[in-house]
Amino acid sequence: MEPTETVYGLGANGLNAEAVAKIFAVKGRPADNPLILHIADQEQILPLTTGLNENARALMETFWPGPLTIVVPRSAIVPDIVTAGLDTVAVRMPSHPVAAALIRAAGCPIAAPSANVSGKPSATNARDVAEDMTGKIAGILDGGSCGIGVESTVVDTTSPVPTILRPGGITREMLEERLGAVEIDPALNGDPALRPKAPGMKYRHYAPQAPMYLYEGKEADLRLTQAVLRAQKQGLHVGVLCDDTVKERLEESLRRGHTAEILSWGQGKPDLAEHLYELLRDFDRVSPELIIGMGVDEKGLGLAVMNRLRKAAGYQILLAEEGGITVKSGSGFPEFLLVAEE
Ligand code: AMP
Ligand code: MG
């Protein structure tokens, strides 16, 4: 188990099929969800692939070490279990000094998915790893909290136009600046008819136990505030996911002795990315009846955090614009979430 700059990873020798099988067993990870191989030096990718094209080389040069995973053609030494039988392999070179030192000491690529039980939010600190993994693994290397907090960006370099299969710490804008045109896998917006190219993106992931609803749009903060006040009047035990500004406003408006569990990520997208998983796990500790959250725009890190937040909410999303509240996706919303007060 090792800290990286993104989230904690559950590691094993990536060229040893038996060791890798244990990762799948411990996480309860579906066998069709391939793993990322982590390396400590650029040259370590060479034996893993049959060839790197110009895009792959440009990405490695610009963003490694860092929170970017590239999908490249696999070589025969990569076990089938790592790639889930695909003819490509995902490779990343983390920038976290502890992760890099561990990979160097191991002397082999380390297969390392996020160190959570499949379906739960990823772990971004040693306590959250311990919660999921105690008794199941050899040990935890505690490197403190992860700075970025969302998983690496996964880019397929084998498609004609490089394609983002999972948004993450390296933003779309950063990739476009280096490569020119970049596509985003259209399946990422939650349309159940589309099949994501990164197999793992199809799973319900990142989900807290309580049902979660999300307000997006310009007036998300206003509508969220109003909804929480109504929930409190109805005696509901609500969880609220918001930023510091909204939290302060809510605490002023709610009467003393209120029971709302208001968890703030701080201020701005980097704070949201850093704390999102921890907060989702914290909701499970306080067991609200439902969680109401607010979204941010999709610029920069917004694309990655909104991808995770929407999944966490099971795509139960309301759009709050000047005209009022409309359903963006999902169904069966509690009535009180749909009321647009003057
Ligand atoms: P995690 O291990 O939790 O960080 O998830 C790794 C992500 O990378 C999952 O969404 C996988 O489906 C995706 N992935 C790994 N290898 C490949 C590959 N060869 N092609 C496409 N996606 C991949
Ligand atoms: Mg994961």
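Both ligands and their constituent atoms are indexed starting at 1 by order of listing. Keep in mind that what you see is a predicted model, and the values were worked out from it rather than measured.
Residues meeting the ring pair (Phe, Tyr, Trp, His ring centres under 6.0 Å) test with Y315, sequence neighbours left out: none. Applying the ring pair (Phe, Tyr, Trp, His ring centres under 6.0 Å) test to F63 and every residue at least two apart in sequence or in another chain returns nothing.
With P113, P30, A115 as candidates, the residue nearest to atom 2 (O) of ligand 1 on a non-hydrogen basis is P113. Taking all heavy atoms of S122, P34, A84 into account, the minimum distance to atom 14 (N) of ligand 1 is reached by P34.
Judged purely by distance below 3.5 Å, without hydrogens or angles, the side chains of T88 and R74 never pair a donor atom with an acceptor atom. Of the N and O atoms on the side chains of E151 and S122, at least one donor lies less than 3.5 Å from an acceptor on the other residue. Looking only at atom types and distance, the side chain of H258 has no donor-acceptor partner in the side chain of E251 under 3.5 Å away.
Only the side chain of I36 comes within 4.0 Å of ligand 1, judged by heavy-atom distances. With a 4.0 Å cut-off on non-hydrogen atoms, D156 does not touch ligand 1 at all. Here T88 has heavy atoms under 4.0 Å from ligand 1 in both its backbone and its side chain.
Taking distance alone, with nitrogen or oxygen atoms compared against 3.5 Å, R166 approaches ligand 1 more closely than that limit. Looking at R29 next to ligand 1, an N or O pair under 3.5 Å apart turns up. Looking at P199 next to ligand 1, an N or O pair under 3.5 Å apart turns up. The distance criterion of under 3.5 Å between nitrogen or oxygen atoms is met by G200 with respect to ligand 1.
Put simply, the residue from D244, D221, D243 that forms a salt bridge (Lys or Arg N to Asp or Glu O under 4.0 Å) with R249 is D221.
K247 contributes a side-chain N or O that, together with a main-chain N or O of I262, makes up a donor-acceptor pair within less than 3.5 Å.
Ionic pairing of D128 and R285 is present here: one or more N-O contacts between side-chain nitrogen and carboxylate oxygen are shorter than 4.0 angstrom.
In this structure, T83 has no heavy atom closer than 4.0 Å to ligand 1.
The Mg ion (ligand 2) has S114 among its coordinating residues (N/O/S atom, backbone or side chain, under 2.8 Å).
Here is the list of ligand 1 atoms found below 4.0 Å of a heavy atom in L86: 18 (C), 19 (N), 20 (N).
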